[in-house]
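What follows is a short report on a single structure.
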Amino acid sequence: MTTTVELTRFRVAPDKVDHLLASRPAMIADFKADREGFLSARLVRLPDNEWLDIVEWRSAADFAASRAKGANLPGVKAFFDSIESLVSAEEGTTEEG
């Protein structure tokens with residue numbers, strides 16, 4: 001099965017890290033409830049106040065529909081509000097085999 005992977009790298013100010021981590025469970029709950037095709041998410045802490053969010057979607061269409069919704073729910077908004085700046089955003093697909 002091929003899936004779509006969202007790779008978002010962003011910066012979080014040191015004083016916002018606790019808020020980012022505290023808001024993550026509600027963001028994931030909102031995604032599970034509201035985002036068709038959401039499969040999983042992993043958050044990776046990188047050096048220099050940067051983070052990488054790896055989100056897996058059933059399809060590119062599901063990812064596009066989620067992106068169009070933006071921060072439409074409180075848990076998603078709280079997580080997004082912790083982000084200081086976007087570094088990069090990419091989309092790819094998994095290849096099995």
Side-chain angles (χ1 to χ4, degrees):
M1 176 173 120
T2 300
T3 60
T4 296
V5 179
E6 169 191 2
L7 302 166
T8 306
R9 190 170 177 152
F10 54 89
R11 286 190 181 86
V12 176
D15 64 333
K16 297 278 187 164
V17 170
D18 288 343
H19 184 267
L20 177 86
L21 297 174
S23 65
R24 183 68 170 186
M27 186 211 83
I28 296 297
D30 282 353
F31 268 33
K32 286 179 180 178
D34 184 58
R35 309 290 167 118
E36 187 71 28
F38 170 75
L39 300 175
S40 67
R42 294 179 67 189
L43 188 60
V44 180
R45 187 189 297 243
L46 302 169
D48 301 322
N49 301 320
E50 289 189 6
W51 296 77
L52 176 65
D53 205 355
I54 304 167
V55 183
E56 193 169 16
W57 299 94
R58 182 180 53 206
S59 69
D62 290 330
F63 173 43
S66 174
R67 184 179 277 173
K69 288 185 175 188
N72 66 323
L73 295 173
V76 178
K77 183 178 181 334
F79 183 82
F80 286 2
D81 284 349
S82 301
I83 297 172
E84 181 178 33
S85 63
L86 179 67
V87 175
S88 65
E90 297 180 78
E91 178 181 342
T93 57
T94 59
E95 299 297 328
E96 302 299 322

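We count residues from 1, following the sequence as given.
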(request) Show the numbers, then the answer: is there a side chain to side chain contact (heavy atoms under 4.5 Å, CB included) between Val76 and Met27? (result) CA-CA 4 Å; Val76 178; Met27 186 211 83; 4.2 Å; yes

(message) Please report the interatomic distance CG(Leu7) to CD(Glu91), rounded to the nearest 0.5 Å.
(response) 9.5 Å

(request) Output, in order, the C-alpha distance, side-chain angles, deciding distance and verdict of side chain to side chain contact (heavy atoms under 4.5 Å, CB included) for Glu50 and Val87. (result) CA-CA 8 Å; Glu50 289 189 6; Val87 175; 3.9 Å; yes

(request) Could you pull out the closest heavy-atom pair between Phe80 and Ala71, with the gap in Å? (result) CD2-CB, 3.7 Å

(message) Using 0.5 Å steps for rounding, measure from the CD atom of Glu6 to the CD atom of Glu90.
(response) 11.5 Å

(request) Evaluate the side-chain proximity of Arg45 to Leu21: yes if any heavy-atom separation is below 4.5 Å, no if none is. (result) yes

(message) Is any side-chain heavy atom of Glu56 closer than 4.5 Å to one of Ile54?
(response) no

(message) Is it the case that the side chains of Thr93 and Glu95 hold a donor-acceptor pair, with the cut-off being a distance below 3.5 Å and no angle test?
(response) yes

(message) Quick one: does any side-chain atom of Thr94 pair with a main-chain N or O of Thr3 as donor and acceptor, under 3.5 Å?
(response) yes

(request) State, yes or no, whether a side-chain contact exists between Trp51 and Val44 at a heavy-atom distance under 4.5 Å. (result) no

(request) Ignoring hydrogens and angles, tell me if any N or O in the side chain of Asp30 forms a donor-acceptor pair with the backbone of Gly75 under 3.5 Å. (result) yes

(request) With Asp53 as reference, evaluate Arg24, Arg9, Arg42 under the salt bridge (charged side-chain N to carboxylate O under 4.0 Å, His left out) test and give the passing residue. (result) Arg24

(request) Any side-chain hydrogen bond (donor to acceptor under 3.5 Å, both in side chains) involving residues 65-83? Give me the pairs, sequence neighbours left out, ordered by first then second residue. (result) His19-Ser82, Asp34-Lys69, Asp34-Asn72, Arg35-Ser66, Arg35-Asn72, Lys77-Asp81

(request) Identify whether Leu43 and Ile83 are in the same connected component of the hydrophobic contact network (ILVMFWY, side-chain heavy atoms under 4.5 Å). (result) yes

(message) Test side chain to side chain contact (heavy atoms under 4.5 Å, CB included) on Leu86 and Thr8; report intermediate values, then the result.
(response) CA-CA 8 Å; Leu86 179 67; Thr8 306; 3.5 Å; yes

(message) Over 60° means perpendicular and under 30° means parallel, so tell me whether Trp57 and Phe38 are parallel, tilted or perpendicular.
(response) perpendicular

(request) Going by the side chain to side chain contact (heavy atoms under 4.5 Å, CB included) test, name the single residue among Asn49, Leu52, Leu20 that passes it with Phe10. (result) Leu20

